[in-house]
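A short write-up of the structure that comes next.
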2 protein chains.
Amino acid sequence: MKPRITLKKIAKEFSVSISTVSKALKGSHEISEEVRERIQAYANFYNYKPNNLALQLRNQKTSVIGVIIPEIVHHFFSTVIDGIEQYANQKGYNVMVCVSNESYEKEVLNFSLLANGSVDGLIVSVARETQENKIYKHFEALTKDEFPLVLFDRIINEIECDKVVIDDVGGAFKATNHLMDVGAKRIALITTEDYVSVGSLRKEGYLKALTTRGVEIDENLIYKLNDKNDLPSQIEKVFDVPNPPDGILAVNEIYAANALIIAKEKGLSIPEDIAIIGFTSGLISAFTSPPLTCVEQHGFLMGNQAAELLINRIENSAPLEFKKEVISTNLKIRKSTSLAGLKN
Amino acid sequence: MKPRITLKKIAKEFSVSISTVSKALKGSHEISEEVRERIQAYANFYNYKPNNLALQLRNQKTSVIGVIIPEIVHHFFSTVIDGIEQYANQKGYNVMVCVSNESYEKEVLNFSLLANGSVDGLIVSVARETQENKIYKHFEALTKDEFPLVLFDRIINEIECDKVVIDDVGGAFKATNHLMDVGAKRIALITTEDYVSVGSLRKEGYLKALTTRGVEIDENLIYKLNDKNDLPSQIEKVFDVPNPPDGILAVNEIYAANALIIAKEKGLSIPEDIAIIGFTSGLISAFTSPPLTCVEQHGFLMGNQAAELLINRIENSAPLEFKKEVISTNLKIRKSTSLAGLKN
DNA sequence: AAATGTTACGCAAACGTTTTCGTGTTTATA
DNA sequence: TATAAACACGAAAACGTTTGCGTAACATTT
């Protein structure tokens with residue numbers, strides 16, 4: 001790559017000082033019209049653009065927001081990024097995305113990479129491994145220095161910073177109620193291990209809905225899946241029991257769609273024999289047969305809010321109170337729970 | 001945010017020079033053991049980390065790769081990013097992702113933002129609007145200075161740089177042949193406008209397969225969809241004709257899945273009445289009913305290759321020949337084209 | 001005692017930019 | 001004609017880091 005043109009080189013070319021060139025290019029009236037125009041023409045011809053690194057160093061401001069997410073091949077997270085991008089761009093910021101791959105080590109690495117001058121602030125969704133081992137030193141190092149930080153979706157209660165979450169409890173509550181409304185008596189929950197914060201919150205909503213209506217909790221109806229193993233074989237167990245469920249709430253789209261397919265393979269009709277709802281953010285639910293009712297998560301809005309919180313914090317020198325925004329969910333009702341088709 | 005600790009501040013604290021501090025922290029033997037250890041302890045206590053911007057400016061190297069894609073909420077593109085990330089990280093690089101949103105203007109903006117010192121090289125998939133208006137000045141400005149650049153998927157032939165593409169022609173060729181193999185006589189192509197490079201390449205493969213087998217081309221079977229309008233109503237036209245097709249090749253997953261659903265609504269059986277194949281990268285195809293046969297695109301591999309080409313170019317001072325890597329596709333055969341179900 | 005070597009540090013340049021302040025020259029005013 | 005104002009530009013610091021070179025003070029060798 002050819003060396004880029006700099007103020008210094010232009011200055012040498014015209015035998016003037018660097019400051020003269022800088023001022024000339026900014027159209028300063030301190031510089032005579034003749035010199036100004038000659039310098040501008042020259043710079044323009046050689047396509048001069050100020051070096052960003054130098055500017056950022058001088059201004060002590062990068063106008064870049066760092067985002068660290070567990071995965072990028074994930075409809076929900078990419079939707080959130082989209083929301084962040086949109087708000088950030090409009091405010092003159094750019095976005096730098098790094099992936100932790102659910103790994104604690106890589107998360108820490110990304111922290112040290114981004115939080116050392118490269119970005120003005122950080123938006124993070126915590127890696128699974130970090131949630132599991134509960135080591136939060138890298139977060140504490142940031143909050144200690146009041147580094148602008150926003151946590152979203154997978155958050156850590158112990159860390160003091162701005163947060164934005166979806167109403168997981170409420171979403172699961174609504175969904176479970178809806179299943180009962182369409183007649184389901186035995187509702188299975190297909191969820192993740194408890195250390196995944198959203199998983200346990202959704203379980204909470206599920207339990208709350210049941211107890212509110214006086215339905216007794218059956219621990220055997222709660223299935224905790226492990227993403228490292230084969231999903232279908234884990235989900236089959238939901239059906240291969242003496243008294244199988246007539247309703248399913250799955251904490252994500254993949255679980256729900258797999259459950260739907262397996263149920264059909266087992267000869268069950270949906271929603272006649274069993275109604276299914278999944279939390280979602282993707283496109284799968286609309287294309288299954290029947291299409292899946294789902295809890296919509298509004299990732300874009302979440303990204304928007306996270307970016308807004310972060311930029312407010314970056315730009316306000318006076319310390320603000322830490323906010324926790326809760327994004328409410330809504331039920332998108334499709335045929336997998338349609339009332340008309342109920343058997344009982 | 002509290003001001004970060006710097007070499008200068010540590011130097012003042014110990015009444016030594018900045019260089020002494022720098023050397024002490026690097027464990028240099030030029031510095032006496034006592035001073036070295038005291039400085040290290042102090043720096044460690046205050047969690048000193050060198051400022052990245054300063055390092056990047058000094059070293060004239062950021063170890064960051066910029067990626068500009070048309071959309072991020074898109075399974076294919078996020079898979080490619082994943083592939084880029086994986087290779088780049090392993091080589092000590094980080095990835096900065098920007099989205100052009102299919103807009104020429106935003107693409108140019110991202111260029112000037114990233115290619116001015118912020119990154120060591122750029123991996124780009126061209127925005128639709130840029131492909132449409134064919135204004136490539138921002139690309140030319142880079143290649144003129146031999147700035148490391150890799151184009152992927154949506155490429156520009158006129159621009160001299162490394163490229164990596166899917167074998168779009170071959171994929172469509174295979175898919176069309178497969179449709180004919182399972183007995184389809186009238187195969188419709190659901191594609192995009194011609195200016196989308198992958199769209200026209202896939203069309204080329206489709207045409208080639210037909211002519212190779214001596215099937216006459218029927219232009220009425222080629223449907224060019226516009227993403228800005230309602231998809232279902234555009235796709236319905238495929239079926240609402242006197243002599244509807246018995247096979248469909250769609251250039252992406254969404255088109256294919258919509259076609260499948262609409263076909264079923266029209267009372268057609270799949271694959272008995274009509275066989276369907278889509279190009280894909282996402283998860284939808286596996287969850288439709290019946291599941292869709294598709295042309296797999298290997299986005300991860302594509303990202304890997306793109307990153308490899310770019311990093312080679314960044315690290316080799318001697319100019320290399322421009323390479324064009326072609327990633328071959330393969331057909332994932334599912335029930336939407338199963339041979340057993342053929343009517344004729 | 002003189003020459004040489006070693007230790008332990010500081011200086012200053014370099015990366016590229018912006019901006020404040022200073023200054024020499026010209027022009028306008030009294 | 002002296003003085004003030006206007007003009008056109010340069011010097012230098014600042015952002016934070018690294019590193020080659022210079023050099024005092026002390027130690028070792030002949």
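Letters go in sequence order (proteins before strands), and every chain restarts at 1.
Within 4.0 Å (heavy atoms only), A/Lys8 reaches sugar-phosphate atoms of the nucleic acid but no base atom. B/Ser32 comes within 4.0 angstrom of the backbone, heavy atoms only, and of no base. Among the heavy atoms of the strands lying under 4.0 Å from B/Lys26 are primed sugar atoms or P, OP1, OP2 only; no base atom is included. At a threshold of 4.0 angstrom between heavy atoms, the contacts of A/Thr6 are confined to the sugar-phosphate backbone, with no base atom among them. Residue-level contact check: A/Tyr48 touches the backbone only, with heavy atoms under 4.0 Å from sugar-phosphate atoms and none from bases. As judged by a 4.0 angstrom heavy-atom cut-off over every strand, A/Leu53 is placed among residues making no nucleic acid contact. Residue-level contact check: A/Leu7 touches the bases, meaning some heavy atom is under 4.0 Å from a base atom.
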*How far apart are the C-alpha atoms of A/Phe139 and A/Phe111, what are their side-chain angles, what is the distance that settles it, and do they pass the ring pair (Phe, Tyr, Trp, His ring centres under 6.0 Å) test?*
CA-CA 9 Å; A/Phe139 288 97; A/Phe111 264 62; 4.9 Å; yes
*Taking it one step at a time, do B/Lys144 and A/Asn47 satisfy side chain to side chain donor-acceptor pair (under 3.5 Å)?*
CA-CA 11 Å; B/Lys144 203 185 86 191; A/Asn47 198 24; over 6 Å; no
*When you look at A/Glu13 and A/Lys9, which way does the salt bridge (charged side-chain N to carboxylate O under 4.0 Å, His left out) test go after all the steps?*
CA-CA 6 Å; A/Glu13 177 71 25; A/Lys9 287 180 197 160; over 6 Å; no
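A heavy atom closer than 4.0 Å to some atom of DNA chain D occurs in A/Leu57, A/Arg58, A/Gln60, these being the qualifying members of residues 57-65 of chain A.
Remark: B/Thr20 is not in phosphate contact with C/dC9, judged by side-chain N or O atoms under 4.0 Å from OP1 or OP2.
Summary of the strand contacts: A/Leu55 and B/Ser17 both lie near DNA chain C, and taking for each the nucleotide with the nearest heavy atom, the more 5' one is attributed to B/Ser17. Projected onto DNA chain C by closest heavy-atom contact, A/Ser22 and B/Glu30 fall at different nucleotides, the more 5' of which corresponds to B/Glu30.
If you walk DNA chain D from 5' to 3' and mark each nucleotide with an atom closer than 4.0 Å to a heavy atom of chain B, the marks span D/dC15 to D/dC21.
One atom, NE2 of B/His29, and another, P of C/dT7, lie 10 Å apart when rounded to the nearest Å. A straight line from CD of B/Glu34 to C1' of C/dC9 spans 13 Å, rounded to a whole angstrom. Atom CZ of B/Arg38 is separated from atom P of C/dA8 by 14 Å (rounded to the nearest Å). Atom CZ in B/Arg36 sits about 12 Å away from atom C1' in C/dT7, given to the nearest Å. When rounded to the nearest whole Å, the span between NZ of A/Lys9 and C1' of C/dA14 equals 14 Å.
Ion pairing between a basic and an acidic side chain is recognised when a charged N comes within 4.0 Å of a carboxylate O; B/Lys61 and B/Asp120 show such pairing. Taking the charged nitrogens against the carboxylate oxygens, B/Arg154 and B/Glu102 do have a contact shorter than 4.0 Å, which makes a salt bridge.
The aromatic rings of A/Phe76 and A/Phe152 lie tilted to each other, with the angle between the two planes from 30° to 60°. Ring orientation note: the planes of B/Tyr42 and B/Tyr46 are tilted relative to one another, at an angle of 30° to 60°.
Remark: the A/Thr20 side chain and the A/Ser17 side chain contain an N/O donor-acceptor pair separated by less than 3.5 Å. Side-chain contact, A/Lys106 with B/Asn89: a donor N or O sits under 3.5 Å from an acceptor N or O. No side-chain donor-acceptor contact under 3.5 Å links A/Thr143 and A/Glu160.
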